[in-house]
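Sequence lines set the chain letters: A, B, ... in the order given, protein chains first and strands last, and positions in each chain run from 1.
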Number of protein chains: 2
Amino acid sequence: MSDHRQNIIVTTDVVLFTIKDDRLHVLLHQRPNEPCKGEWALPGGYIRTNEDKGAEAAAERIMIEKIGLPTQMGGTPAFYMEQLSTWSGPDRDKRGFSVSVVFLILVPEAYLQTTFGHGIALLPVDELPDLAFDHGDMVAAAMKRLRGKSTYSSLPAMLLPETFTMADLQKAYEIATGAKLNTSAFTRKIMALDMIVDTGEVYRGPGARGTRPAKLWRLADGRVTFDRTLA
Amino acid sequence: MSDHRQNIIVTTDVVLFTIKDDRLHVLLHQRPNEPCKGEWALPGGYIRTNEDKGAEAAAERIMIEKIGLPTQMGGTPAFYMEQLSTWSGPDRDKRGFSVSVVFLILVPEAYLQTTFGHGIALLPVDELPDLAFDHGDMVAAAMKRLRGKSTYSSLPAMLLPETFTMADLQKAYEIATGAKLNTSAFTRKIMALDMIVDTGEVYRGPGARGTRPAKLWRLADGRVTFDRTLA
DNA sequence: GCAATAGTGTCTTTTAGACACTATCTG
DNA sequence: CAGATAGTGTCTAAAAGACACTATTGC
């Protein structure tokens, strides 16, 4: 085989989605340094070969350190994360041939509320500015993945807080898939899948509004994919 | 940010599937060199930063050069290929921290018939030996991807020659999804999707066998995913 | 009771599965 | 014509969509 000294720059970037004001938002920051200083970009960073167990661990580290995402006991990430894809090439970054392993993270908005200021922002995905590098492609691919997988999995629920109403859940599916759903069919399907569990609690709306309170549900453990489509 | 000199080994590996004798097979070779000399492994190689436009181009180059996969005019690959995922970590390869961008290739068996000998083989996926590195995980992930996507796309048709009978197509779906399908429902669905086009030709079986000849079909261009499931 | 939202029941339409029936070939 | 596989039609069962109806709250 050829020379091992490839000198390739290896980074990880993260497309973090959440739902805010009933719209899908993505987490971006304005780059403080060159290259592309000042442009909006995805959060990310170098993989540390002496510290990170792999690209996923690097991405977790970066999101916990820089964005302040929550962890459970032992530092385990408390958010949904999956690998999206990898971008590579000689021209993506003018510093040289580079590889970026990109992850998709879905979190409830509440996980983010304490973390902001200094050039970090949630922007709605349908009103994005041009992004640095090929980050625009990455966001587009992430949206495609979310949209596709949402029709046959519980992914949209990862955008919600731990307890939620049926209306919240349906809204999350509508936002994630981009399709308007039929309420009775939606309820039937979610129930048939045993995807959620009744908490016994109810939600009475912001200030008492004189309506029937909605039951609060919680995701049943584990369930992630199913075999029929929703939208 | 930290030191740019990460010295990470960046390779690409390929999980190539085809259907042979009505079973799914994967292309493997016995490693001629250390590490893991003599063990079965996926074909792959280093990304060349001065030559390859990216990981996908590197994988194409390797498969065309080493395995002899066909190209169209201009060297464009004539086979189906998509990125599967990326594996990375300090311990995958004892030479150091390594990253491998893995691709899934689907080809008709006929594309492979001229290329063999010297430690390269098609092995049935349900009778694999232990593989080198983490290549066993890669094959498992590729099978999961194929299985999943096959229920809502024309992927299985990529395992067939350019023209095929309805029975061939159904068989390919059954092999790719692992599920037995209902013939009339399958036909109805494929037809409703306008996924295939009648070539006008027929197939009379290996030696005339005294049966009604089957129509030969061809994939309609482009169509890859649909919105209802098949299995 | 009224207004407002939550949640259920039921009728209709669509889609899937089972399986019998017709079609086209060879010897 | 018999036998074999290709391909279609039709009946039944299951699932989705539309939408009306009941339930529970605050005022």
Side-chain angles (χ1 to χ4, degrees), chain A residues 22 150-153 156-157 160-161 163-174 177-218 225-231, chain B residues 22 150-153 156-157 160-161 163-174 177-218 225-231:
Chain A
D22 283 351
S150 290
T151 63
Y152 61 90
S153 77
L160 295 176
T163 64
F164 46 82
T165 68
M166 263 297 189
D168 293 337
L169 186 61
Q170 181 174 344
K171 194 82 191 178
Y173 270 90
E174 289 179 342
T177 62
K180 180 100 184 96
L181 299 178
N182 176 290
T183 302
S184 80
F186 179 78
T187 306
R188 238 182 345 228
K189 191 146 228 173
I190 295 295
M191 289 312 181
L193 290 164
D194 292 322
M195 202 179 93
I196 56 176
V197 176
D198 193 337
T199 62
E201 312 270 301
V202 295
Y203 174 75
R204 287 171 199 278
R209 286 167 311 146
T211 73
R212 175 173 175 174
K215 284 185 182 175
L216 281 169
W217 303 84
R218 180 194 315 280
T225 62
F226 27 94
D227 47 344
R228 250 187 300 286
T229 63
L230 259 163
Chain B
D22 285 351
S150 290
T151 63
Y152 62 91
S153 78
L160 295 176
T163 65
F164 46 81
T165 67
M166 261 298 188
D168 292 337
L169 186 61
Q170 182 175 342
K171 193 85 191 175
Y173 270 90
E174 290 179 341
T177 61
K180 180 99 184 98
L181 299 178
N182 176 289
T183 302
S184 79
F186 179 79
T187 306
R188 236 180 351 226
K189 191 147 226 174
I190 296 294
M191 289 312 181
L193 290 164
D194 292 322
M195 200 178 92
I196 56 176
V197 176
D198 193 336
T199 62
E201 313 270 300
V202 293
Y203 173 75
R204 287 173 199 278
R209 287 167 310 147
T211 74
R212 174 174 176 175
K215 284 186 182 176
L216 281 169
W217 304 83
R218 181 192 316 279
T225 62
F226 27 93
D227 47 343
R228 249 186 301 285
T229 63
L230 259 163

Can you tell me the distance, in whole Å, between the [atom1] atom of [X] and the [atom2] atom of [N]?
X: B:Asp198; N: D:dA6; atom1: CG; atom2: P; value: 15 Å
X: A:Phe164; N: C:dG7; atom1: CZ; atom2: C1'; value: 16 Å
X: A:Ile196; N: C:dA6; atom1: CD1; atom2: P; value: 14 Å
X: A:Glu174; N: D:dG17; atom1: CD; atom2: P; value: 12 Å
X: B:Leu216; N: D:dA6; atom1: CG; atom2: C1'; value: 12 Å
X: A:Met191; N: C:dG7; atom1: CE; atom2: P; value: 8 Å
X: B:Asp227; N: C:dT15; atom1: CG; atom2: C1'; value: 12 Å
X: A:Phe226; N: D:dA15; atom1: CZ; atom2: P; value: 15 Å

Quick check for you: among D:dT24, D:dG7, C:dT8, whose closest atom lies nearest to any side-chain atom of A:Thr187? C:dT8
Note: A:Leu181 and A:Gln170 closest approach over all heavy atoms is O-NE2, 3.0 Å
Is any side-chain heavy atom of [X] closer than 4.5 Å to a side-chain heavy atom of [Y]?
X: B:Lys180; Y: B:Glu174; result: yes
X: A:Thr177; Y: A:Leu230; result: no
X: A:Leu169; Y: A:Leu160; result: yes
X: B:Ile190; Y: B:Trp217; result: no
X: B:Arg218; Y: B:Ile196; result: no
X: A:Phe226; Y: A:Met195; result: yes
X: A:Thr229; Y: B:Asp227; result: no

Of B:Leu230 and B:Pro213, whose nearest nucleotide on DNA chain C comes first from the 5' end? B:Leu230
For the residue pair B:Tyr152 and A:Tyr152, does the interplanar ring angle fall in the parallel (under 30°), tilted (30 to 60°) or perpendicular (over 60°) class? tilted
Would you say D:dA16 has OP1 or OP2 under 4.0 Å from some side-chain N or O of A:Asn182? no
Whether B:Lys215 contacts D:dG7 is assessed here as follows: a side-chain N or O lying under 4.0 Å from the phosphate OP1 or OP2. Is that the case? no
Suppose we call a contact any N or O donor and acceptor under 3.5 Å apart; does that hold for the side chain of B:Arg188 and the base of C:dG17? yes
Is a donor-acceptor contact shorter than 3.5 angstrom present between the side chain of B:Ser184 and the base of C:dA18? yes
Which comes earlier along DNA chain D counting from the 5' end, the contact point of A:Thr183 or that of B:Ala214, where each point is its nearest nucleotide? B:Ala214
Here the gap from B:Thr163 atom OG1 to B:Asp198 atom CG, rounded to the nearest 0.5 Å, amounts to 11.0 Å
Intra- and interstrand pairs of DNA chain D - dot-bracket, Watson-Crick/G-U under 3.5 Å, | marks other strand: |||||||||||||||||||||||||||
Any N/O pairs under 3.5 Å between the protein and nucleotides 2-5 of chain C? List them or say none.
none

